[in-house]
Amino acid sequence: MAELPKAYTPRDVEGEIYERWLAADVFAPDGAGSTADPRLPTFTVIQPPPNVTGSLHLGHAQRTAVEDLMVRHARMRGHAALFLPGLDHASIAAQFVLDGILAKEGLDRQSLGRERYLERMRAFSDSTRHVILDQQRRVGASADWGRLRYTMDDGSAKAVRAAFERLYRDGLAYRTEALVNWCPGCRTSVSDLEVIATPETGTLWSIRYHLIDEATGRPEPDGTITVATTRPETILGDTGVAVHPDDPRYTALVGRRVRIPFVGRDVPIIADDVVDPAFGTGAVKITPAHDHDDHATGLRHGLAVITILADDATIAGTGTPYDGLDRYEARRRMVADLETTGDLVSSIPHEMVIGRCQRSDDVIEPRLKTQWFIRTQPLAARALAATREGRTSILPERFEKTWEHWLTDIRDWNVSRQLWWGHRIPAWYCPDGHVTVSAAEGGPEACVVCDRPAAELAQDPDIFDTWFSSGLWPFSTLGWPDATSDFERFYPTAVMETGYDIIFFWVARMMMLGLHLTGTEPFHAIYLSGLIRDPQGQKMSKTKGNVVDPLGVIDESGADALRFALIHGATPGNDQRFGTVKLENARNFANKLWNAARYVTGARPVSLAADIERRLPDARHLGPGERWLLSRAAATTVAVDAAMADYAFGEVTRLLYDAIWNEYCDWGLELAKVRLTDESLPAEAREATWWTLVDVLDTYLRLLHPVMPFITEALWGAIPHRASDPGLLIVARWPGVVEQDLLIEAQVGALIDLVTEIRNARSSARLPAAAWLETQAVVSPALGPAFEALRPAIERLARARPLHRALTPEALHAASRPGDLAVIVGGGEIEAAVRPTAVDDGTEALERDRLEHDLAEAEGWLAAARERLANEAFVARAPVRVVDAARAREAELADQVARLRDRFER
RNA sequence: GGGCGAUUGGCUCAGUCGGUUAGAGCGCACGGUUCACAUCCGUGAGGUCACUGGUUCGAAUCCAGUAUCGCCCACCA
């Protein structure tokens with residue numbers, strides 16, 4: 001038992017506690033300090049590995065808090081609980097950061113070259129990796145640091161190679177030339193998910209193309225067809241013009257040819273029902289190499305595919321003066337040139353949607369490239385089956401619809417990236433173009449087709465999309481593809497927690513890859529967190545300057561307050577606004593708990609030694625207050641268990657806040673104080689009271705530990721323990737369920753109401769707070785013993801002394817005088833007359849006002865209750881239970897009204 | 001264009017399966033130097049649960065529609 005400092009200073013508490021946990025080796029499910037029960041299933045939480053170059057923001061903090069809460073809860077329940085920490089190399093994001101740093105040094109990727117660039121990246125990431133890990137520790141993450149993994153470590157590399165080889169062998173990875181999303185800024189292709197549809201106002205140009213006179217082979221000066229386009233520069237790649245087959249304006253032109261401006265190419269006019277006759281001119285230029293729609297149309301009609309853009313999105317290879325110009329400069333000049341020739345018919349503003357790069361914000365250019373793809377439909381089917389069959393559940397449920405929709409309409413996943421930082425694609429090509437995919441660490445020994453030696457093979461220069469390696473995370477971190485003991489023991493995992501914003505990027509990919517590669521769903525539950533927003537509901541961003549630094553918060557208010565506040569507002573899938581108000585509330589709660597514990601430890605009866613071993617309170621000496629506290633703790637335990645089972649972590653914090661502040665502190669401690677200081681009681685009784693306070697505090701500290709691990713650990717260290725308890729709360733057992741005592745709860749509840757009503761009467765009558773009030777009370781016979789036992793406490797809390805007990809209402813009425821304040825509890829279990837020591841006229845008037853108000857209110861409720869019961873349909877059709885409750889309510893209200901009226905009319 | 005969500009006292013949010021008088025924190029009003037806590041204690045005011053219609057004995061809760069706000073998905077040049 002440690003002495004508690006008077007003031008709660010989270011900083012002092014938290015640093016020291018984390019070190020103690022580490023020293024005790026309790027984070028690892030198989031660590032020296034583990035108390036896991038081998039008969040229980042393991043419990044593993046998957047967290048999204050943060051970027052190796054990143055630092056903690058509030059979103060991380062919330063997720064870490066939620067993940068840690070689940071792990072701590074499971075650990076206390078005896079499961080071998082694994083919170084596996086990790087880092088992600090974040091290919092494109094990390095390159096973006098490093099490129100920024102290089103730019104300040106006047107360097108760039110290209111001038112460094114691949115090898116030197118990667119060296120820089122390794123050095124850079126080595127220098128930043130500790131940052132976010134340290135920050136997670138500050139939040140209190142009870143992660144098994146010995147199992148720390150990184151998506152660029154050898155294990156991940158092996159998993160990546162094995163996964164790709166397997167997918168290739170199974171026909172689920174293929175290489176083909178296709179139109180991909182090309183980011184000219186990042187100089188790489190990106191997946192469909194990384195293209196952000198951005199509404200913009202562009203221009204719709206109408207341009208005349210001249211028909212070819214087939215007799216002469218020359219364009220007709222007056223025979224034209226007008227096409228509408230938002231991208232005139234792609235004229236250079238046009239290989240057709242399309243119209244709707246049923247469009248009477250153009251029926252005669254289908255099959256004819258037109259000459260493309262600038263390039264002098266003659267292309268056919270085709271009919272295809274993708275064309276909307278109502279849009280633009282009803283005639284569309286077709287550029288198969290630079291537009292997804294046109295590509296498909298071109299394929300249907302056998303049109304040529306002509307690429308006109310280089311990797312940096314300059315015009316290239318068209319043999320026109322526009323070669324070498326950026327696409328937008330080329331566009332500007334071409335429009336001007338068309339105007340000169342008289343073939344520009346019109347230009348009007350046009351609302352459109354532009355695809356931009358998620359990372360660099362550049363306009364994405366569809367480009368033809370030979371790349372690796374993952375065939376997703378068969379994989380998606382298995383992922384859908386897993387959720388439909390309930391092997392994996394999604395929280396909140398509504399995201400199942402989003403999930404269904406995306407996985408049903410899924411398109412193949414382009415996994416090649418023309419970047420350097422990441423896993424190189426394990427595919428080799430021989431001079432004859434044969435493809436060899438190999439998972440071997442050193443690559444293949446020879447071409448699988450023609451047996452040429454490795455020396456003659458060239459490895460694909462591309463790397464994988466960073467999400468490919470993250471998609472293997474739940475099993476690559478446990479040793480897959482090897483059948484390690486960790487993989488056997490902890491896979492599949494229990495819960496995967498992440499933000500709903502990466503459900504497709506990450507969650508869906510883990511499910512698809514996990515199901516195919518391991519044969520099992522990688523997790524049984526998907527818990528989707530919401531986003532943290534500022535108090536105005538805005539997204540937090542550096543540019544807006546509304547970012548809250550969690551480390552600053554921890555320094556000031558403590559990790560416990562931060563965790564409590566974040567978890568308090570966490571409803572799965574819902575964003576939360578977060579600001580100082582919530583934080584203050586959480587900090588105040590921590591302070592309250594600290595002081596309550598300080599009171600309890602300081603109130604130990606002198607008959608008990610300071611280092612005494614924990615005892616159960618002696619049942620023979622329990623008073624109503626003690627029994628009430630024990631019963632309420634049992635009720636709270638049941639409620640917390642239910643909320644935990646529902647992943648309703650916000651509800652857990654609310655339940656514990658109420659139980660600790662409004663029950664334990666406000667009433668439990670206040671009732672106990674009287675007994676603890678009552679020298680007339682036997683020592684055994686005072687000891688029983690104290691042991692009750694200790695017992696209930698112990699229960700609440702355990703229940704609260706997953707939310708506020710530091711302060712609960714510190715306080716738990718200050719109360720007596722059993723010899724069988726472990727040394728630290730983090731590995732102590734979660735409270736078991738104890739039966740409630742509903743009778744005592746009702747009785748003490750009525751006495752609490754009596755105190756509240758007397759206080760109310762005092763306040764309404766504007767009597768001085770310090771004045772003692774003489775009070776007479778009639779108490780229902782059932783309440784008698786509890787009333788007598790708690791009388792001293794009620795006197796003190798209500799400041800009513802002496803508190804007489806009249807045996808009958810008649811006696812009470814006979815004794816009461818004008819000016820007495822009337823107090824009626826509930827349905828009349830208690831009726832009391834409160835007498836101010838000095839009555840003046842004002843008091844009496846105020847009391848009449850209060851009575852009148854109460855009477856009117858009670859009469860209103862009574863009328864409503866009677867109306868309800870007067871409804872025959874209600875009595876006939878509602879369940880008996882509900883009708884009985886309504887009748888009881890009516891009787892109670894009738895009694896209350898009668899008593900109030902009696903008082904009022906007297 | 002499709003889909004999803006939100007709308008509850010001044011503010012931020014709970015509200016499980018439809019069932020007593022819809023809860024909390026902050027804020028507000030009034031009152032408090034009682035030996036755990038002023039980061040506190042006590043009392044109180046404040047809500048036609050966005051709107052309309054329906055189902056039901058009974059609706060904040062279920063259904064349909066409307067409005068406002070937000071998000072996701074989407075190849076109309």
Side-chain angles (χ1 to χ4, degrees), chain A residues 4 6-8 197 204 227-231 234 242 274-276 278-281 283-287 291-296 350 352-353 355 366 396 398-399 401-402 405-406 409 500-501 503-504 531 535 537 557 568-569 571 573-579 581-582 584-585 587-603 642-643 646 648 650-651 654 657-658 662 665-666 669-670 673 677 756 759-764 766-770 796-797 799 857-858 860-861 864-865 868 871-879 881-883 885-886 888-890 892-893:
Chain A
L4 288 175
K6 184 164 169 31
Y8 166 57
L204 185 67
V227 298
T229 182
T230 55
R231 305 201 51 197
T234 62
V274 290
V275 180
D276 174 5
F279 186 88
T281 61
V284 189
K285 59 193 270 318
I286 302 295
T287 321
D291 182 278
H292 287 102
D293 274 345
D294 291 4
H295 190 74
H350 179 61
M352 52 197 281
V353 174
R398 69 185 137 88
F399 276 93
K401 283 194 177 178
T402 316
H405 181 253
W406 192 75
D409 294 338
Y500 64 75
D501 52 333
I503 183 169
F504 306 136
L531 271 42
S557 307
H568 185 83
T571 309
N574 283 4
D575 295 352
Q576 72 161 310
R577 298 180 189 205
F578 191 84
V581 173
K582 289 183 180 181
E584 271 174 29
N585 191 232
R587 189 204 49 190
N588 293 352
F589 177 57
N591 187 64
K592 184 75 179 177
L593 177 64
W594 181 271
N595 280 294
R598 211 160 58 81
Y599 168 75
V600 172
T601 54
D646 284 350
E651 183 64 12
R654 285 183 281 278
Y657 185 98
D658 276 353
N662 302 328
C665 292
D666 287 352
L669 293 186
E670 296 306 324
K673 276 175 185 173
T677 54
T756 303
R759 285 168 171 175
N760 178 351
R762 172 204 301 277
S763 181
S764 300
R766 300 189 191 279
L767 298 174
R796 173 172 152 161
L797 296 180
R799 247 181 138 62
E857 206 170 40
W861 286 324
R868 194 173 180 212
N871 181 352
E872 284 171 28
F874 171 72
V875 179
R877 305 178 81 158
R881 178 180 56 84
V882 174
V883 177
R889 176 76 194 138
E890 192 233 311
E892 193 177 293
L893 283 166

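This is a predicted model, so every value here is computed, not measured. Here is how names work: the chains are called A, B, and so on, in the same order as the sequence lines, proteins then strands, and each is numbered from 1.
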### Task
Test for a donor-acceptor pair under 3.5 Å between the base of B:A36 and the side chain of A:E670, counting only N and O atoms.
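Under the 3.5 Å cut-off, the side chain and the base do form a donor-acceptor pair.
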Could you state the [atom1]-[atom2] distance from [X] to [N], rounded to the nearest angstrom?
| X | N | atom1 | atom2 | value |
| --- | --- | --- | --- | --- |
| A:H405 | B:G2 | NE2 | P | 12 Å |
| A:L797 | B:U43 | CG | C1' | 15 Å |
| A:L531 | B:C4 | CG | P | 21 Å |
| A:F399 | B:G3 | CZ | C1' | 12 Å |
| A:W594 | B:A36 | CH2 | C1' | 12 Å |
| A:F504 | B:C73 | CZ | P | 6 Å |
| A:D294 | B:C75 | CG | P | 14 Å |
| A:R796 | B:G32 | CZ | P | 20 Å |

Have a look at [X] and say if it touches a base, only the backbone sugar-phosphate, or nothing, with a 4.0 Å heavy-atom cut-off.
| X | result |
| --- | --- |
| A:N871 | sugar-phosphate |
| A:P879 | base |
| A:D666 | sugar-phosphate |
| A:V275 | base |
| A:A596 | base |
| A:E651 | sugar-phosphate |
| A:A878 | base |
| A:T287 | nothing |

Given [options], identify the nucleotide with an atom nearest to the side chain of [X].
| X | options | result |
| --- | --- | --- |
| A:K673 | B:G42, B:A36, B:U34 | B:A36 |
| A:N574 | B:U39, B:U43, B:A14 | B:A14 |
| A:Y657 | B:G25, B:A14, B:G32 | B:G25 |
| A:N591 | B:C37, B:A14, B:A77 | B:C37 |
| A:F874 | B:A77, B:G19, B:A14 | B:G19 |
| A:C665 | B:C57, B:U34, B:A36 | B:A36 |
| A:N585 | B:G25, B:G5, B:U39 | B:G25 |
| A:T402 | B:G42, B:C72, B:C73 | B:C72 |
| A:K592 | B:C37, B:U12, B:C26 | B:C37 |
| A:R868 | B:G19, B:C72, B:A36 | B:G19 |

Quantified in whole Å, what is the [atom1] atom distance between nucleotide [N] and nucleotide [M]?
| N | M | atom1 | result |
| --- | --- | --- | --- |
| B:U34 | B:A29 | C1' | 25 Å |
| B:A22 | B:G32 | P | 32 Å |
| B:G10 | B:C51 | P | 14 Å |
| B:U8 | B:A24 | C1' | 13 Å |
| B:A64 | B:G47 | C1' | 26 Å |
| B:A50 | B:C11 | P | 14 Å |
| B:C40 | B:G3 | P | 49 Å |
| B:U16 | B:U52 | P | 23 Å |

Tell me whether the OP1 or OP2 atom of [N] has a side-chain N or O from [X] closer than 4.0 Å.
| X | N | result |
| --- | --- | --- |
| A:K401 | B:C4 | yes |
| A:R577 | B:U12 | yes |
| A:R799 | B:U34 | no |
| A:T571 | B:A14 | yes |
| A:N595 | B:C40 | no |
| A:R598 | B:A36 | no |

### Task
Can you label the angle between the A:H350 ring and the A:F279 ring as parallel, tilted or perpendicular, going by 30° and 60°?
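Taking A:F279 first and then A:H350, their aromatic rings stand perpendicular (interplane angle over 60°).
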For a 4.5 angstrom cut-off between non-hydrogen side-chain atoms, does [X] reach [Y]?
| X | Y | answer |
| --- | --- | --- |
| A:R231 | A:K285 | no |
| A:N585 | A:Y657 | yes |
| A:L797 | A:R759 | yes |
| A:V284 | A:D276 | no |
| A:P366 | A:H295 | no |
| A:V883 | A:F874 | yes |

Which base sits across from [N] as a Watson-Crick or G-U pair, both distances under 3.5 Å?
| N | result |
| --- | --- |
| B:U20 | none |
| B:A45 | none |
| B:U52 | B:A64 |
| B:C26 | B:G10 |
| B:U33 | none |
| B:C71 | B:G3 |

### Query
Relative to the 5' end of RNA chain B, which residue comes earlier, A:R587 or A:Y500, by the nucleotide with the nearest heavy atom?
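Result of the comparison: A:R587.
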### Query
RNA chain B: A:V875 or A:D293, which has the more 5' nearest nucleotide?
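Checking each residue's closest nucleotide, the 5'-ward one belongs to A:V875.
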#### Entry: Residue that, paired with A:Y500, satisfies side-chain hydrogen bond (donor to acceptor under 3.5 Å, both in side chains) out of A:D575, A:T402, A:N574
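For A:Y500, the side-chain hydrogen bond (donor to acceptor under 3.5 Å, both in side chains) test succeeds with only one of A:D575, A:T402, A:N574, which is A:D575.
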### Query
On the ring face of A:Y599, is A:K673 found with NZ or CZ under 6.0 Å from the centre and within 45° of the axis?
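Because its charged atom sits under 6.0 Å from the ring centre and within 45° of the axis, A:K673 does stack over A:Y599.
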### Query
Which atoms form the tightest heavy-atom contact between A:F578 and A:P535, and what is the distance?
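So the two residues come closest at O-CD, 3.3 Å.
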